[in-house]
Amino acid sequence: MQRSEIDEKYLWNTSELFGSDEAWEKAFSALENPQFAKYKGTLNSVENILAYFRAEEEYEIALLRVYLYAHMKHDEDVSDSRYNSALQRVMQLFTRLGSETAFAIPEISSLDENKLIAFSEEKSLSDYDYFFSRLIAKKKYILSEKEERILAEVQEPLSTAYDTFEMLDNAEVDFPEIEYNGETLRLSHGLYSVILNGSDREKRKEAFEKYYSAYRKIVGTLATTYYGNVKQDVFFKNVRGFDSCLQMALFEEDVDASVYKNLVNSVNAAAPVMHRYMALRKKIMGLDEMHMYDIYPPIVENADLRLTYEEAYETVLKGLAPLGEEYLSLLKKGRDERWIDVYETQGKKSGAYSTGVYGTHPYVLLNYQKTTHDVFTVAHEMGHSIHTYFSTRTQPYAKADYKIFVAEVASTVNEVLLLKYLLKSTTDKTLKKYLVSYFIEMIRTTLFRQTQFAEFEEKAHAMAENGEPLNKDNLSALYYGLNKKYYGDALFHDKDIEIEWARIPHFYRSFYVYKYATGITAAVAIANKILSEGEPAVKKYFEFLSGGSKTDPVSLLKIAGADLTKKETFESVMKEFEDALNQLEKHI
């Protein structure tokens with residue numbers, strides 16, 4: 001479908017950012033020459049540091065607005081060269097800004113530690129107290145001004161791997177045609193998802209094989225592209241002196257390594273339960289041999305929530321009622337004031353996300369289809385958006401951007417609350433059984449699957465750190481082995497699944513995916529508190545949503561009632577998974 005065919009109310013409103021491309025060009029031109037050199041050599045007093053920070057923030061806020069417009073227009077049609085060019089030009093400005101300001105952190109960090117501590121306690125610099133605490137911790141990893149300038153300059157040429165992947169994945173991968181519902185259609189990411197969740201096994205098999213045949217043709221290129229991304233991480237790890245890329249990623253997020261270890265160890269320990277689930281799914285489906293394309297459709301038939309977008313949104317509103325009227329009013333505002341781009345159109349970026357910058361409300365990209373998954377995606381992405389809304393409304397710019405580590409928590413709290421509402425409110429036994437299986441699938445895909453991805457990333461990076469070049473063969477062998485470990489012997493591990501790694505966009509945001517898994521762990525704990533304790537728990541949750549990055553993310557989650565430094569928090573989710581599996585087994 002072409003974008004011009006969609007009713008305006010289902011399209012996000014970019015005119016709130018800039019009324020026209022010409023207005024955007026004018027704003028862009030005003031940013032082309034950032035002037036920060038005058039602050040060089042002066043950043044040794046409260047007054048001068050504050051003046052520098054305020055000037056940089058003013059520039060960044062304007063630049064982020066320019067970026068957001070180009071980014072959103074680009075994602076409306078990734079093949080449109082105008083916005084590809086605009087986005088590249090904006091990224092050049094980010095590089096220039098990094099170069100212009102490369103002196104600042106080394107200059108400030110070179111100050112005596114006692115002086116930095118004093119700055120962190122200075123009232124006029126209270127917006128930056130967490131910044132100073134992290135700067136003190138980072139001192140040993142910060143290089144000289146000249147070296148930091150070089151790193152800023154090479155950031156853009158080293159970061160082209162994702163752009164290459166995105167172009168291949170969204171515009172140039174040559175998907176075959178497929179007969180579906182009496183029509184000859186070109187496979188797309190959205191259509192593939194619909195077919196794989198459908199009941200026609202032969203059509204699932206056909207779609208699976210055709211989908212991966214397209215990736216098989218370019219898997220060598222994608223391996224080189226991904227290796228480029230990993231080499232970028234290894235480069236920065238080496239020059240800054242971290243022991244590993246994982247350590248660097250956790251340090252940047254201010255997350256203790258015990259959290260990552262708790263996750264991986266807990267999921268691996270629970271692998272036998274996942275294997276039990278795979279065996280049960282095989283039995284329910286009556287299959288002699290269960291393939292990878294058989295693990296997606298619901299195992300309880302005729303109960304999928306095939307809702308229109310409007311019906312889905314109303315269901316989300318009901319499910320999130322425990323969060324109170326203020327939260328619900330923001331959900332309605334987002335829908336009614338066109339924060340959301342709803343439907344799949346020709347050339348539109350696949351998937352779903354929430355985005356936003358300081359000084360604007362958030363925006364959401366969807367590619368809505370009538371599936372239960374997409375109903376939950378609405379709740380998920382609006383969770384991101386309202387988290388952003390609270391954070392930017394409450395915190396100063398310096399603390400408004402919450403860490404990626406907590407970015408998946410609010411979204412997943414919404415999913416858990418919605419699911420538990422549906423389980424409680426339905427009297428239909430078939431639907432209830434379906435929802436139990438959906439909850440199991442939520443944990444499989446968000447906790448187990450993302451941890452599998454995390455292990456793949458960790459091992460791939462370790463291979464590169466040890467000097468082993470990454471290619472389509474060793475990456476595919478690594479992924480195939482992990483797939484067997486996570487899913488067990490009840491599943492036939494189709495050869496095509498070995499290249500699934502090649503189509504995962506999140507691998508280009510290294511060590512991001514494990515946060516989905518920690519996110520659902522924290523979300524289950526928080527949602528249970530909200531449902532059991534009511535308003536007091538909601539109040540604490542809103543404190544978390546409003547926290548931005550005022551302190552480390554693990555401490556923020558503790559406020560909301562989720563302590564990821566304790567293995568019991570992870571084990572409680574595994575227990576819910578096993579309880580749901582036991583419940584499903586009794587109903588079959």
Side-chain angles (χ1 to χ4, degrees), residues 1-5 73-85 87-88 160-198 200-229 291-293 296 343-353 365-369 371 453 456 470-477 479-480 483 493-509:
M1 184 177 293
Q2 298 298 319
R3 192 168 183 83
S4 59
E5 300 176 66
K73 298 300 288 185
H74 166 268
D75 286 357
E76 291 174 6
D77 183 355
V78 299
S79 65
D80 190 329
S81 61
R82 291 176 301 165
Y83 298 114
N84 282 329
S85 174
L87 195 56
Q88 290 169 10
T160 57
Y162 175 72
D163 295 334
T164 304
F165 169 81
E166 187 178 53
M167 182 58 69
L168 285 166
D169 194 50
N170 289 297
E172 294 185 1
V173 61
D174 187 18
F175 288 122
E177 291 182 340
I178 191 168
E179 295 290 328
Y180 184 68
N181 284 347
E183 296 183 76
T184 301
L185 302 172
R186 178 76 57 181
L187 261 181
S188 66
H189 297 296
L191 180 58
Y192 174 71
S193 176
V194 169
I195 294 175
L196 243 63
N197 281 276
D200 187 334
R201 191 177 190 225
E202 286 304 312
K203 191 59 63 177
R204 292 200 307 267
K205 180 177 186 292
E206 181 187 359
F208 180 86
E209 292 174 348
K210 285 186 172 181
Y211 190 73
Y212 279 105
S213 72
Y215 283 102
R216 183 73 70 181
K217 292 176 183 177
I218 57 172
V219 68
T221 301
L222 288 169
T224 302
T225 302
Y226 180 62
Y227 185 30
N229 187 74
H291 290 256
M292 288 303 303
Y293 49 80
Y296 298 97
Y343 294 115
E344 183 179 29
T345 54
Q346 184 68 38
K348 183 178 173 181
K349 182 177 174 63
S350 64
Y353 64 72
L365 179 140
L366 300 174
N367 283 277
Y368 186 80
Q369 304 283 346
T371 68
F453 286 173
F456 172 80
L470 303 182
N471 55 54
K472 63 183 178 65
D473 295 323
N474 58 15
L475 288 170
S476 297
Y479 193 87
Y480 196 61
N483 206 72
H493 297 269
D494 300 85
K495 189 63 174 173
D496 278 340
I497 204 63
E498 71 175 3
I499 63 170
E500 185 176 38
W501 61 267
R503 71 175 187 87
I504 307 299
H506 282 92
F507 284 162
Y508 293 84
R509 299 183 68 181

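Just so you know, these numbers use all the heavy atoms, side chains as well, and skip hydrogens, waters and symmetry mates.
Listed for the T224 side chain is a donor-acceptor partner under 3.5 Å among the backbone atoms of G220. Judged by distance alone, the side chain of Y226 and the main-chain N or O of L470 form no donor-acceptor pair under 3.5 Å. Side chain of N170 to main chain of E166: a donor-acceptor pair is present (N/O by atom type, distance under 3.5 Å, no hydrogens or angles). Side-chain atoms of S476 come within 3.5 Å of backbone atoms of K472 as a donor-acceptor pair (strictly under, hydrogens ignored). With hydrogens and angles disregarded, no donor-acceptor distance shorter than 3.5 Å links the side chain of D494 to the backbone of D496. Proximity of a side-chain donor or acceptor of K210 to a complementary backbone N or O of E177 within less than 3.5 Å is detected. For the pair N474 (side chain) and A477 (backbone), a donor-acceptor distance under 3.5 Å is absent. Side-chain atoms of R204 come within 3.5 Å of backbone atoms of G198 as a donor-acceptor pair (strictly under, hydrogens ignored). Between the side chain of S188 and the backbone N or O of L191 there is at least one donor-acceptor pair closer than 3.5 Å. Looking only at distances, no side-chain donor or acceptor of E500 sits under 3.5 Å from a matching main-chain atom of I497.
The CG atom of L222 sits 10.0 Å away from atom OG1 of T164, with the distance rounded to the nearest 0.5 Å. Here Y296 contributes atom OH and I195 contributes atom CD1; the two are 14.0 Å apart, rounded to the nearest 0.5 Å. One distance of note links OH of Y192 with OH of Y211; it measures 6.5 Å at 0.5 Å rounding. Taking OG1 of T345 as the start and CG of D77 as the end, the distance is 7.5 Å to the nearest 0.5 Å. Here the straight-line distance linking atom CG of D169 with atom NE2 of H189 works out to 3.5 Å at 0.5 Å rounding. With values rounded to the nearest 0.5 angstrom, K205 atom NZ is found 12.0 Å from K203 atom NZ.
Heavy-atom neighbours of E172 CD from other residues, nucleotides or ligands within 6.0 Å: above the threshold of 12.
Between A207 and L196 the shortest heavy-atom distance is CB-CD1, 4.4 Å. Heavy-atom minimum distance, P505 versus F165: CA-CE2, 3.5 Å.
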Intermediate values then yes/no, side-chain hydrogen bond (donor to acceptor under 3.5 Å, both in side chains), N84 and H74: CA-CA 6 Å; N84 282 329; H74 166 268; 2.8 Å; yes
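Ion pairing between E344 and K348 fails under the 4.0 Å rule for side-chain N and carboxylate O. The pair E498-R216 counts as a salt bridge, with a side-chain nitrogen and a carboxylate oxygen less than 4.0 angstrom apart.
Counted by atom type alone, Y353 and D75 present one or more donor-acceptor pairs between their side chains at under 3.5 Å. Between N367 and S350, the side chains place no donor N or O within less than 3.5 Å of an acceptor N or O (distance only, hydrogens not considered).
Ring geometry, Y480 versus H493: the interplanar angle exceeds 60°, so the pair is classed perpendicular (tilted spans 30 to 60°). Aromatic ring pairs are classed by plane angle as parallel below 30°, tilted from 30° to 60° and perpendicular above 60°; the pair H291 and Y293 is parallel.
Ring centers of F456 and F507: under 6.0 Å apart, within the cut-off.
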